[in-house]
J.: 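Okay, here's the structure, questions in a sec.
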Amino acid sequence: MNQKAKKILLFVGLGVDIAITLSLFVIAIIMLVTMPSTRIAMEEAIETNGPFIGYMQQHPTLYFWSCVFPLILLLVGNIVILVLFVRKLMKKKEVAVDDLNEEQKAALRAELLKELQLESSEHKESEDK
């Protein structure tokens with residue numbers, strides 16, 4: 001799959017994720033705001049709140065499995081994707097010598113020479129003992 005197709009799929013997936021999340025949040029907010037407080041009002045919920053919201057208010061198990069549980073799954077999925085994305089960004093990339101400029105090459109040479117001199121002095125000290 002080429003880069004262009006990956007970007008298109010990423011944006012489509014992100015759009016679908018946002019659309020589903022927003023619609024489920026709106027349904028949840030409407031459910032909580034219009035929730036009847038008495039049993040008689042609960043029986044009349046379909047007439048006052050409309051067929052969909054009223055039916056969901058009368059059947060809380062269906063509401064949980066159709067609205068709340070998918071929101072929980074979306075949250076967990078988005079967290080996992082975020083963690084994987086951050087890990088991918090933080091992964092160290094190997095740097096080739098050709099990618100360095102002259103100042104970086106000189107600093108690297110000086111550091112390597114210092115380490116070699118330190119190792120050779122430690123090696124001489126261990127031989128002397």
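Just so you know, residue 1 is the first one in the sequence shown, and it goes up from there.
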J.: Do L10 and V83 share a hydrophobic cluster (ILVMFWY, side-chain heavy atoms under 4.5 Å, transitive)?
T.: no

J.: Would you say V26 and L71 are hydrophobically clustered, going by side-chain heavy atoms of ILVMFWY under 4.5 Å?
T.: no

J.: If you measure from CG on L113 to CG on L118, what distance do you get to the nearest 0.5 Å?
T.: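 One gets 12.5 Å once the value is rounded to the nearest 0.5 Å.
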
J.: If hydrophobic clusters are built from ILVMFWY residues whose side chains come within less than 4.5 Å, do Y63 and I30 share one?
T.: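 Result: yes, single cluster for both.
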
J.: Rounded to the nearest 0.5 Å, how far apart are CG of L73 and CG of L24?
T.: 10.5 Å

J.: Kindly indicate whether the side chain of L82, heavy atoms from C-beta on, has any atom under 4.5 Å from the side chain of N78.
T.: no

J.: Work out which heavy atom in G54 is nearest to a heavy atom in I46; give both atom names and the distance.
T.: C-CG1, 3.8 Å

J.: If you link ILVMFWY side chains whenever their heavy atoms are less than 4.5 Å apart, which other residues fall into the same cluster as L14? By chain and number, please.
T.: I18, L22

J.: Rounded to the nearest 0.5 Å, what's the gap from OG1 on T48 to CE on M42? Could you check?
T.: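 Between T48 OG1 and M42 CE, I get 10.0 Å after rounding to 0.5 Å.
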
J.: Going through the distances and angles, do M31 and C67 end up as a side chain to side chain contact (heavy atoms under 4.5 Å, CB included)?
T.: CA-CA 10 Å; M31 286 281 295; C67 292; over 6 Å; no

J.: Applying side chain to side chain donor-acceptor pair (under 3.5 Å) between N49 and each of Q58, E44, Q57, report the one that passes.
T.: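 It is Q57; the other options fail the test.
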
J.: According to a hydrophobic-cluster definition based on side-chain heavy atoms being under 4.5 Å apart (Ile, Leu, Val, Met, Phe, Trp, Tyr only), do F25 and I27 belong together?
T.: no

J.: Measuring only between side-chain heavy atoms, which start at C-beta, is P70 closer than 4.5 Å to I20?
T.: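 Contact flag for P70/I20 side chains = no.
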
J.: For V68 and I72, what are the C-alpha separation, side-chain angles and deciding distance, and is it a side chain to side chain contact (heavy atoms under 4.5 Å, CB included)?
T.: CA-CA 6 Å; V68 177; I72 293 169; 4.0 Å; yes

J.: Are I53 and F69 in one and the same hydrophobic cluster, where Ile, Leu, Val, Met, Phe, Trp and Tyr link if side-chain heavy atoms are under 4.5 Å apart?
T.: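 They do share one cluster, since a chain of ILVMFWY contacts under 4.5 Å joins I53 to F69.
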
J.: Please determine whether the number of non-hydrogen atoms from other residues, nucleotides or ligands lying under 6.0 Å from atom CZ of F64 exceeds 12.
T.: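 Yes, because the 6.0 Å sphere around CZ of F64 holds more than 12 heavy atoms from other groups.
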
J.: CD of E103: more than 12 outside heavy atoms within 6.0 angstrom?
T.: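 Not buried by this count: 12 neighbours or fewer within 6.0 Å.
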
J.: One pair to check against side chain to side chain contact (heavy atoms under 4.5 Å, CB included): K6 and Q3. What are the steps and the verdict?
T.: CA-CA 5 Å; K6 284 184 181 180; Q3 281 299 96; 3.8 Å; yes

J.: Tell me if the CD1 atom of I40 is crowded by more than 12 foreign heavy atoms within 6.0 Å.
T.: no

